[in-house]
Amino acid sequence: MHMNLQNSIGIFDSGFGGLTIFKSIAEKLPSYNYIYLGDNARSPYGDHSFETVYQYTLECVEWLFAQGCPLVILACNTASAKALRNIQQLDLPKKYPNHRVLGVIRPTAEVIGNVSGTKSVGVLGTRGTIKSESYLIEINKFFPEVSVHQQACPMWVPLIENGEHTGNGADYFVKQYLDQLLKQSPSIDTILLACTHYPLLLPKIEAYLSSNIKVVSQGDIVANSLVNYLQRHPEIDQKISKQNQASFYTTGDAEAFNRHASVFLEKEVLSVKIKL
Ligand code: DGL
């Protein structure tokens, strides 16, 4: 079949994590065309400086624009925390006035306060996301009554990128960061996985926590927000082709990408390696 992926929705992450967002989006909007780009060769982004995350993210966004994507989702909290504002305020107006880039932090902050009964939320993310304090700031805008407790989990993305997240070694690090978070407040009843990789650790996270703590992943939140965005912006929606196609690109090893992505998406994924 001829693949016409011009005018796809671009979905970007540092690696595999954005697949958790892609999966939810593609379930909600199955007819749309998608191009997924994982910057696996340079992942994890979580410990990189602001400048580095901005530079890497912009390169990936520009690559997706060059493939004809009018809209790109930064399916990565670290990139959303460190690069989105610059891209939206500097790069788009100057170079790409007709393109749009959306992140994952704001749509999550808009709803997370409604989930917590005790109004006490734990946020788990990469060092970059946690240090940026983006969730503290954004959740406070929408839910000033909610107290937010943060914990960085720097070992989780490397476990996932190396395919070790289902192994026994992962249990140690799951316990370590959850204990550190829960020590901060006994009233936390909601834990937000504010890194798109973390839902891959969900079975271990849920097994460790007591059942009165809700664990929230971002996939459905971001997908609902995108549906809403496309309804409010028919001029963007009209530009996107709807032939129910998706293609996958990685800056890393294509075979490793195919192996992990196929297991996670429960269908065969054939990615193409690109050089930025
Ligand atoms: N999946 C990206 C996020 O949501 C993260 C990770 C990384 O490369 O450290 O933050």
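Read the numbers this way: they start at 1 and go in the same order the structure lists the ligands and their atoms.
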Subject >> For Gly46, atoms of ligand 1 separated by under 4.0 Å from a heavy atom >> reply: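 Near Gly46, the atoms of ligand 1 are 7 (C), 8 (O), 9 (O).
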
Original post:
Hey, which atoms in ligand 1 end up nearer than 4.0 Å to a heavy atom of Thr126?
Top reply: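 Answer for ligand 1: 6 (C), 9 (O), 10 (O).
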
[atom] [closest protein heavy-atom partner, distance rounded to 0.1 Å]:
atom: atom 10 (O) of ligand 1; value: Thr78 OG1, 2.7 Å
atom: atom 2 (C) of ligand 1; value: Cys76 SG, 3.2 Å
atom: atom 7 (C) of ligand 1; value: Tyr45 N, 3.2 Å

**OP:** Apply ring-ring contact (aromatic ring centres under 6.0 Å, His included) to the pair Phe264 and Phe16, showing each step before the final yes or no.
**Re:** CA-CA 9 Å; Phe264 178 67; Phe16 297 118; 9.4 Å; no

Subject >> Region of Asp13 engaging ligand 1 - heavy atom pairs below 4.0 Å >> reply: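 Within the 4.0 Å criterion, Asp13 contacts ligand 1 through side-chain atoms alone.
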
Original post:
Which bit of Ser14 is near ligand 1, meaning a heavy atom under 4.0 Å away: side chain, backbone, both or neither?
Top reply: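 Only the side chain of Ser14 comes within reach of ligand 1.
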
Original post:
What orientation do His99 and Tyr96 show, parallel under 30°, tilted 30 to 60°, or perpendicular over 60°?
Top reply: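 Aromatic pair His99/Tyr96 classed perpendicular.
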
**OP:** Kindly check if the number of other-residue, nucleotide or ligand heavy atoms within 6.0 Å of CD (Gln88) is above 12?
**Re:**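 Yes, because the 6.0 Å sphere around CD of Gln88 holds more than 12 heavy atoms from other groups.
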
Subject >> Qualifying residues under side chain to side chain donor-acceptor pair (under 3.5 Å), relative to Tyr45, sequence neighbours excluded >> reply: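 Only Asp39 meet the side chain to side chain donor-acceptor pair (under 3.5 Å) criterion with Tyr45.
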
Subject >> Whether Thr78 side chain and Gly46 backbone form a donor-acceptor pair below 3.5 Å >> reply: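 No.
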
Original post:
Any side-chain donor paired with an acceptor under 3.5 Å for Asn77 and Thr129?
Top reply: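 Side chains of Asn77 and Thr129: no pair found under 3.5 Å.
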
